[in-house]
Amino acid sequence: MKAVIFDMDGVIIDSEPIYTEADKKIFEKLSIDMSKEEIESYVGKNSYDMWTEVYEKYGLQGKFSINELVKYQRKMFLEHLNNSEKLSTISGVIDWMQYFKDNGIKMAIASSSSKEIVSFVIDKFKLREYIEIYVDGDSVKKGKPNPDIFLKAASELGIEPNECIVIEDSYNGVRAAKSAGMKCLGFKNLNSGDQDLSLGDNIIHSYSKKNLNKVINLFDKR
């Protein structure tokens, strides 16, 4: 294996509770009563795919356009991220990135979030020291669970898909990684909801040194 592709939200930063708080305010404004399970089902999906489904299901036609809803949601997300005192990288993830960098393993981010949000996170936590390229959710026509975003990341890195490992916290993300023909390490983040990561090649609950060995073992399985 030659590259590690990180999802961002729930994998590099623990942002899902921040997004959920913003979404609840948006849904309340739209008089949408959405269950916790349904909210969790959208984890990993890009804004356009999510709002296309919500738009039809909750009869928002004639009230707002999908583009307006996406734009408003992203504005809310960015404001909440920028104002959050709790926003930080997940414990241990930078240590893993340093290990990959020291061992000549390329790294990328493939996130369903918008370019503005991905750039904000990369700059805030100085991730350009580790991350060579990133692919945001608007860079591909079909978002997760389709494989396009991971295939584009591999292509931009100049690495074959079967030489990449993806780290993902969502069911949609794991499905996308496996559809791309990549190894996938499921990251069990409780704040991402009850995500089914069973399609992954292994599952971890933290970025510990012990769990790093699970990644190294996946590298060895060709």
Would Asp138 and Lys115 satisfy side-chain contact (heavy atoms from CB on, under 4.5 Å), going step by step from the backbone distance to the final call? CA-CA 7 Å; Asp138 295 335; Lys115 180 179 180 179; 5.7 Å; no
Check whether any side-chain heavy atom of Ile39 lies under 4.5 Å from a side-chain heavy atom of Phe27, and answer yes or no. yes
Heavy-atom distance under 4.5 Å between the side chains of Ile133 and Leu157, does that happen here? yes
Quick one: pull up CG in Asn191 and CG in Asp14 and give me the separation to the nearest 0.5 Å. 4.5 Å
Is Asn103 reaching over with its side chain to a backbone N or O of Tyr99, donor-acceptor style, under 3.5 angstrom? yes
With the threshold set at 4.0 Å, does a side-chain nitrogen-carboxylate oxygen contact exist between Lys214 and Asp201? no
Is it the case that atom CZ in Phe64 sees more than 12 heavy atoms from other parts of the structure closer than 6.0 Å? no
State, yes or no, whether a side-chain contact exists between Ile18 and Phe77 at a heavy-atom distance under 4.5 Å. no
Thinking salt bridges, do Lys152 and Glu156 make one under a 4.0 Å N-O criterion? yes
Joint cluster assignment, Phe150 & Phe100, ILVMFWY side-chain distance < 4.5 Å: no
Is it the case that one hydrophobic cluster holds both Ile66 and Tyr42, taking links as side-chain heavy atoms less than 4.5 Å apart, direct or via other members? yes
At what distance, to the nearest 0.5 angstrom, does CD1 of Ile32 lie from CG of Leu60? 4.5 Å
Examine Ile131 and Leu151 and state if one hydrophobic cluster contains both, with Ile, Leu, Val, Met, Phe, Trp and Tyr joined whenever side-chain heavy atoms are less than 4.5 Å apart. no
Which atom of Ile5 lies closest to which atom of Ala154, heavy atoms considered: CD1-N, 4.3 Å
Hey, quick one: are Val11 and Ile13 part of the same hydrophobic cluster, counting side-chain heavy atoms closer than 4.5 Å, chains of contacts allowed? yes
Nearest heavy-atom pair of Ala22 and Met76: which atoms, and what distance? O-CE, 4.1 Å
Do the side chains of Asp7 and Lys144 get nearer than 4.5 Å, heavy atoms only? yes
Counting only heavy atoms not in Glu160 (residues, nucleotides, ligands), do more than 12 fall under 6.0 Å from its CD? no
I'd like to know whether Tyr130 forms a side-chain hydrogen bond (donor to acceptor under 3.5 Å, both in side chains) with Gln98, so could you lay out the CA-CA distance, the side-chain angles of the two residues, the decisive distance to 0.1 Å, and finally the verdict. CA-CA 7 Å; Tyr130 308 100; Gln98 188 63 54; 3.2 Å; yes
Is atom CD of Glu28 surrounded by more than 12 heavy atoms (other residues, nucleotides or ligands) closer than 6.0 Å? no
Say whether, by atom type as modelled, one donor and one acceptor occur between the side chain of Thr52 and the main chain of Tyr48 under 3.5 angstrom. yes
Using modelled atom types and a 3.5 Å cut-off, is there a donor and acceptor pairing between side-chain atoms of Asn189 and backbone atoms of Gly10? yes
Scanning both residues in full, the closest heavy-atom pair of Gly200 with Val174 reads N-CG1, 3.5 Å
Distance check, rounded to the nearest 0.5 Å: Glu163 atom CD versus Lys183 atom NZ? 12.5 Å
Give the intermediate values and the outcome of side-chain contact (heavy atoms from CB on, under 4.5 Å) for residues Ser15 and Leu81. CA-CA 8 Å; Ser15 51; Leu81 288 174; 4.1 Å; yes
Going through the checks in order, is the side-chain hydrogen bond (donor to acceptor under 3.5 Å, both in side chains) test met by Asp196 and Ser198? CA-CA 6 Å; Asp196 179 4; Ser198 59; 2.6 Å; yes
May I ask you to decide if Met182's main-chain N or O and Lys178's side chain share a donor-acceptor pair within less than 3.5 Å? yes
Heavy-atom side-chain proximity of Gln61 to Glu56 below 4.5 angstrom: yes
Between the main-chain N or O of Gly44 and the side-chain N or O of Ser112, is there a donor-acceptor pair closer than 3.5 Å? yes
Please round to the nearest 0.5 Å and tell me the distance separating atom CD of Glu21 and atom OG of Ser84. 8.0 Å
Sequence neighbours excluded, the answer for salt bridge (charged side-chain N to carboxylate O under 4.0 Å, His left out) partners of Asp123 is Arg128
Are the side chains of Arg74 and Leu78 in touch, meaning some heavy atoms are under 4.5 Å apart? no
Mind checking whether Met107 and Lys101 have side chains closer than 4.5 Å, heavy atoms only? yes
Rounded distance [0.5 Å steps], NZ in Lys142 versus CG in Asp49: 10.5 Å
Sequence neighbours left out, cut at 3.5 Å: what donor-acceptor pairs do the side chains of residues 87-97 make with other protein atoms?
from  : atom 1 : to     : atom 2 : distance (Å)
Trp96 : NE1    : Tyr207 : O      : 3.3
Trp96 : NE1    : Ser208 : O      : 3.2

Determine the minimum heavy-atom distance between Ser170 and Gly173, stating which atoms define it. OG-N, 2.9 Å
Are the side chain of Asn146 and the backbone N or O of Asp148 linked by a donor-acceptor pair below 3.5 Å? no
For a side-chain contact (heavy atoms from CB on, under 4.5 Å) check, start with the C-alpha distance between Asp9 and Glu16, then their side-chain angles and the critical distance, and finish with the verdict. CA-CA 7 Å; Asp9 297 301; Glu16 294 302 343; 3.5 Å; yes
Would you mind reporting whether Tyr134 and Ile122 have side-chain heavy atoms less than 4.5 Å apart? yes
Tell me if a side-chain donor or acceptor on Asn172 pairs with a main-chain N or O of Ser41 at a distance below 3.5 Å. yes
Please give me the minimum heavy-atom distance between Asp23 and Gln73, naming the atom from each residue. OD1-NE2, 2.9 Å
Side-chain heavy atoms under 4.5 angstrom apart, residues restricted to Ile, Leu, Val, Met, Phe, Trp, Tyr: same cluster for Ile165 and Leu127? yes
Tell me every residue that passes side chain to side chain contact (heavy atoms under 4.5 Å, CB included) with Glu40, counting only those two or more places apart in sequence or in another chain. Lys36, Asp194, Gln195
Distance col, row Lys141:NZ vs Asn46:CG, nearest 0.5 angstrom, shows 14.0 Å
Please confirm whether the backbone N or O of Ser206 pairs with a side-chain atom of Asn211, one donor and one acceptor, at under 3.5 Å? yes
Heavy-atom pair with the smallest gap, counting every atom of Cys164 and Ile159: SG-CG2, 3.7 Å
